[in-house]
Amino acid sequence: MRALHHALRRICLGTSEQRREWQAWALCGRFLPAMRRLAATAVAGWFGWSLVTNAPRLLWLIVGLWLATVWRTGRDIERERRAEREFVQWLRDLIADRNGVLLSEVLAGWQDAGWHLDWDVTVVRSICERIGVPVRDKLKVAGTVSVGVHVDDLL
């Protein structure tokens, strides 16, 4: 039962993301391109409907393709969310009993491990901001003032 719940949640997550992506594509912010895209969607829908009504077995193929697509999309979103949680936990581990961690420390840790050798602190900052981790412009950690993440911002 738990596996079924997880599978349905992944399918719903993938379907929701696919709908958001289609909506962003179709309603692109400009009137004429949006009308063309909505018209193309309507024509494709009409064509698909006529195929299914004339050959109902194609519905199995369409549903199968849809399930495979949303399953993969949901899986990718779950992986991204898990990676974000692990990143935040890693920041907590780096902070330990200090008041925060400097982004240069985070970057140095990655580069010591041989990862992202061409990155700089601005890339690390953009990652933090993208996943919702507040970054302070001036944070003092171990006598050094620089850009970093304060422990209170992770709670």
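We number each residue from 1, following the sequence as shown.
Residues Val135 and Val124 form no side-chain contact, since every pair of their non-hydrogen atoms from C-beta on lies 4.5 Å or further apart. The side-chain heavy atoms of Trp66 and Ile11, taken from C-beta on, include a pair separated by under 4.5 Å. Inter-residue side-chain proximity for Gln111 and Asp118 is flagged as unmet; no heavy-atom pair is nearer than 4.5 Å. Using a 4.5 Å heavy-atom threshold, the side chains of Val88 and Leu154 count as touching. Counting heavy atoms from C-beta on, the side chains of His116 and Val123 never come closer than 4.5 Å. By the 4.5 Å heavy-atom criterion applied to side chains, Val133 and Asp153 are not counted as neighbours.
Atom CG of Leu107 sits about 8.5 Å away from atom CH2 of Trp119, to the nearest 0.5 Å. Within the model, atoms CZ of Arg36 and OG1 of Thr41 stand 13.5 Å from one another, a figure rounded to the nearest 0.5 Å. To the nearest 0.5 Å, the span separating CG on Leu117 from CH2 on Trp110 amounts to 12.5 Å. Within the model, atoms CZ of Arg37 and CH2 of Trp22 stand 11.0 Å from one another, a figure rounded to the nearest 0.5 Å. Atom CD1 of Ile131 sits about 13.0 Å away from atom CZ of Arg81, to the nearest 0.5 Å. For the atom pair CG (Leu103) and OG (Ser146), the distance works out to 7.0 Å, reported to the nearest 0.5 Å.
Remark: Arg125 engages Asp137 in a salt bridge, criterion side-chain N to carboxylate O under 4.0 Å. For Arg75 and Glu80, the salt-bridge test fails: no basic side-chain N is under 4.0 Å from an acidic carboxylate O.
Looking at Glu17 and Thr73, their side chains never bring a donor and an acceptor atom within 3.5 Å of each other. Gln89 and Arg85 share no side-chain donor-acceptor pair at under 3.5 Å. Defined by atom type and a distance below 3.5 Å, a donor-acceptor pair is missing between the side-chain atoms of Arg2 and His5. A side-chain N or O of Arg20 and one of Ser16 form a donor-acceptor pair less than 3.5 Å apart.
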Next item on the list: With salt bridge (Lys or Arg N to Asp or Glu O under 4.0 Å) as the test, would you mind laying out the steps for Arg82 and Glu78 before giving the verdict?
Entry: CA-CA 6 Å; Arg82 184 172 41 250; Glu78 287 175 349; 5.7 Å; no
Next item on the list: Assess whether salt bridge (Lys or Arg N to Asp or Glu O under 4.0 Å) is satisfied between Arg10 and Asp76, documenting all intermediate values.
Entry: CA-CA 10 Å; Arg10 182 178 283 180; Asp76 293 345; over 6 Å; no
Checklist line | Criterion salt bridge (Lys or Arg N to Asp or Glu O under 4.0 Å) on Arg98 and Glu105, from CA distance to verdict | finding: CA-CA 13 Å; Arg98 302 179 302 169; Glu105 256 184 273; 2.9 Å; yes
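If you chain together hydrophobic residues whose side chains sit under 4.5 Å apart, Leu94 and Val147 fall into the same group. When the side chains of ILVMFWY residues are joined at heavy-atom separations under 4.5 Å, either directly or via intervening members, Leu32 and Leu27 end up in a single hydrophobic cluster. There is no path of hydrophobic side-chain contacts, each under 4.5 Å, that joins Val149 to Val145. Residue Trp25 is grouped with residue Leu38 when hydrophobic side chains (ILVMFWY) are merged at heavy-atom distances under 4.5 angstrom, including chains of intermediate members. Linking ILVMFWY residues whenever their side-chain heavy atoms come closer than 4.5 Å, directly or via other members, places Val52 and Leu67 in the same cluster.
The backbone N or O of His150 lies less than 3.5 Å from no partner atom in the side chain of Arg136, so there is not a single donor-acceptor pair. Within the 3.5 Å criterion, the main-chain N or O of Lys140 finds a donor-acceptor partner in the side chain of Asn99.
Arg130 CZ: more than 12 foreign heavy atoms inside a 6.0 Å radius. Annotation for Arg72: atom CZ does not count as buried by contact number, only 12 or fewer foreign heavy atoms lying within 6.0 Å.
Between Phe87 and Trp90, the angle of the ring planes lies from 30° to 60°, which puts this pair in the tilted group.
Pairing each heavy atom of Cys28 with each of Pro33, the nearest pair is SG-CB, 3.6 Å.
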